[in-house]
S.K.: 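Handing you this structure, nothing more for now.
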Amino acid sequence: MIVVEHLTKKYGNLTAVRDLSFRVEKGKIWGLLGPNAAGKTTTMRVLTGYLSATDGKASVGPYDVFEQPNEAKKIIGYLPETVPLYADMTVVGYLEFITEIKQVPAAKKREAVERAVEETGLESVRGRLIKNISRGYKQRVGIAQALIHDPQVLILDEPTIGLDPAQIIEIRQLVKSLKKNHTIMLSTHILQEVTQTCDGAVIINEGQLMASGSLEELTASFNDKDGVILKLRRANAEAASLLKKIPGVDAVKRDGNEYRVEWAKGRQDLRDDITRLVVDKDLGLLEMRPAALNIEDLYLKIVSGGPVR
Amino acid sequence: MKNMWSIAKKEIRAYFSSPIAYVVITVFLVLAGFFFYSLVWWFNNQAMEAAQNPYYAQQMNINQMVFSPLFHNISIILLLVIPLLTMRLFSEEKKVGTEELLFTSPISVGQIILGKFLAALFVLAAMLLLMGLLTGLTFAYGNPELAPVIIGYLGLFLMGAAFIAVGIFFSSLTENQIVAAVLTFGTLLLFLVMNWAAYSAGGAWKSVLNYLSFFQHFDGLTQGMLDTQDLVYYASFAFFGLFLTHSVIQSRRWR
């Protein structure tokens with residue numbers, strides 16, 4: 001749905017985005033993840049037609065954003081980093097104005113406004129002036145603005161920035177609920193946002209692609225080990241050595257009453273053997289969970305070092 | 001066309017839902033009323049004196065003695081108030097970040113600019129219309145010629161349109177409204193009095209400076225003389241201002 005090929009954007013001598021390529025499949029939520037000043041906003045601004053690119057290609061749906069900007073804009077809903085609100089308008093008045101500039105046919109304007117109000121939960125503030133509503137509601141108005149013309153693609157630049165934890169959860173749920181009808185790309189520098197809301201991610205740093213793919217692909221590409229974390233009631237040094245004796249186990253690390261047991265990726269699943277051992281030796285199994293190295297390690301590694309692949 | 005109108009409507013609503021339009025129109029009308037009253041009062045005095053002198057009485061002309069100087073005075077007031085009307089048009093969008101919304105919507109930059117231009121023209125027209133009602137009183141109590149008055153108002157409107165285009169241009173340059181207003185004001189003043197420099201300049205420069213001056217083209221219109229050259233001057237001035245605005249906005253995307 002979104003295809004970016006060899007995109008480069010320079011501001012004078014500063015290269016904000018360098019030879020960036022990625023694609024986002026239809027009907028998915030994709031995160032554009034990177035530290036501050038990684039080029040996330042620039043990438044989104046190019047995709048939405050706000051900025052031109054120095055080099056490269058980008059298309060949204062069937063339209064090239066440089067060749068057919070108006071067609072592309074019609075199928076994109078965009079929430080910029082600073083929510084573009086007119087403080088002196090009412091929520092509904094603002095949304096009506098948006099239907100006009102987004103070319104919603106006259107007959108469908110009312111319906112579009114009502115649908116956006118409903119989907120984003122703005123019913124209670126619909127008649128209020130935008131300057132008088134809370135930060136969380138402003139963010140919702142921003143999202144309502146982005147989806148009012150029922151675009152195929154939603155591009156959200158840091159949709160949860162500056163919100164309190166409860167509002168963040170609300171907005172994340174809202175974004176997830178929009179997945180049914182829209183392909184979504186959201187940028188963030190917060191990792192949990194990606195692991196909790198997204199199906200996949202494009203990770204960039206200093207304008208360059210570091211990794212991209214679905215969350216499973218990303219973690220898989222990083223891990224060469226499989227493993228589990230065991231929590232035992234009767235934890236002791238002997239347990240560790242017993243675990244280590246299981247054929248195939250490469251390493252056992254103990255942290256309090258938790259043991260991280262690792263084995264080479266792609267080998268047989270050793271979980272059956274481990275369970276059997278724990279039960280036989282009566283070690284008191286409290287918990288066993290997959291120790292798939294999380295995307296957090298990947299992200300930290302990427303941000304501090306070079307590309308993973 | 002429809003898009004342009006959407007933008008214009010939004011701007012007109014913004015003018016009238018904040019104090020801007022009301023304050024500007026009120027101040028304009030108070031000043032216009034004051035000038036008008038003073039000129040009529042002076043004309044009355046002259047008329048009293050003329051009553052004793054039949055030759056002098058023939059020279060009395062309300063178009064020449066009231067309307068022409070009034071239009072000149074009003075042009076200065078427009079120069080003061082129009083920068084205040086136009087300063088926010090693009091500066092504010094840029095500062096608040098709504099510019100990003102407009103430029104990522106499926107409407108052209110030209111439509112956005114023309115919509116904003118139209119909205120400011122609307123406020124200008126409202127000011128001139130209300131002033132027209134005020135000065136219309138002379139028709140109830142005297143017998144001025146109508147055509148020169150209408151041409152004078154047309155002149156004010158055209159000059160105002162050129163002022164607005166300049167204001168929009170400076171508004172597109174900066175996100176600071178005060179800076180936009182001051183630059184507009186300075187530029188307009190310079191163009192208004194450019195013919196002063198023509199007195200001392202010689203040859204080709206003299207006619208160039210004269211041609212560029214707002215005043216030079218306004219004189220004829222205040223006296224009811226409709227000259228295509230003047231109309232073309234104001235129209236091209238407005239067009240040029242809007243064209244530059246378009247270039248500024250487009251070039252910013254490429255930086």
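We use all heavy atoms of the structure for the numbers below, so side chains are in, but hydrogens, waters and symmetry mates are not. Lettering of chains follows the sequences in order, A, B, ..., and the numbering in each one begins at 1.
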S.K.: Residues in ring pair (Phe, Tyr, Trp, His ring centres under 6.0 Å) with Tyr153(B), at least two apart?
M.R.: Phe71(B)
S.K.: Among Ala53(A), Gly49(A), Pro80(A), Ala146(A), which residue has the highest count of heavy-atom pairs closer than 4.5 Å to chain B?
M.R.: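 Most pairs with chain B among the choices: Pro80(A).
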S.K.: Any side-chain to backbone donor/acceptor pair from Ser52(A) onto Arg253(B)? Under 3.5 Å, distance only.
M.R.: yes
S.K.: Mind checking the CG-OG1 spacing from Leu79(A) to Thr104(B)? Nearest 0.5 Å is all I need.
M.R.: 10.0 Å
S.K.: Pick one of side chain, backbone, both or neither for Glu93(B), based on which atoms fall under 4.5 Å of a heavy atom in chain A.
M.R.: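 The side chain, not the backbone.
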S.K.: Top residue by heavy-atom pair count (under 4.5 Å) with chain A, among Arg13(B), Glu99(B), Lys2(B), Gln111(B)?
M.R.: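 Counting heavy-atom pairs under 4.5 Å, the top option is Glu99(B).
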S.K.: Answer yes or no: are there more than 12 heavy-atom neighbours, outside Glu170(A) itself, under 6.0 Å from its atom CD?
M.R.: yes
S.K.: Please output the residues of residues 90-115 of chain A in contact with chain B, using a heavy-atom cutoff of under 4.5 Å, in numerical order.
M.R.: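 Heavy-atom contacts from residues 90-115 of chain A to chain B are Tyr94(A), Phe97(A), Ile98(A), Glu100(A), Ile101(A), Lys102(A), Gln103(A).
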S.K.: Write down the atom of Gly97(B), the atom of Pro84(A), and the distance for their closest heavy-atom approach.
M.R.: O-CB, 3.7 Å
S.K.: Taking atom CZ of Phe243(B) as the centre, report whether more than 12 heavy atoms of other residues, nucleotides or ligands fall under 6.0 Å from it.
M.R.: no
S.K.: Kindly check if the number of other-residue, nucleotide or ligand heavy atoms within 6.0 Å of OH (Tyr211(B)) is above 12?
M.R.: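 Yes, the 6.0 Å shell around OH holds more than 12 heavy atoms from other groups.
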S.K.: Checking an interface table here. Which of residues 162-180 of chain B come within a heavy-atom distance under 4.5 Å of chain A?
M.R.: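 The stretch does not come within 4.5 Å of chain A.
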S.K.: Quick one: are Glu100(B) and Glu81(A) in side-chain contact, heavy atoms under 4.5 Å?
M.R.: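 Not touching, per the 4.5 Å side-chain cut-off.
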S.K.: Is the count of non-hydrogen atoms from other residues, nucleotides or ligands lying under 6.0 Å from Phe34(B) atom CZ greater than 12?
M.R.: no
S.K.: Any pair with a residue in residues 19-32 of chain A that passes side chain to side chain donor-acceptor pair (under 3.5 Å), sequence neighbours left out, goes on the list, sorted by first then second residue, please.
M.R.: His6(A)-Asp19(A)
S.K.: More than 12 heavy atoms of other residues, nucleotides or ligands under 6.0 Å from NZ of Lys57(A): is that the case?
M.R.: no
S.K.: Heavy-atom distance under 4.5 Å to chain B: side chain of Tyr78(A), backbone, both or neither?
M.R.: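 Just its side chain gets close to chain B.
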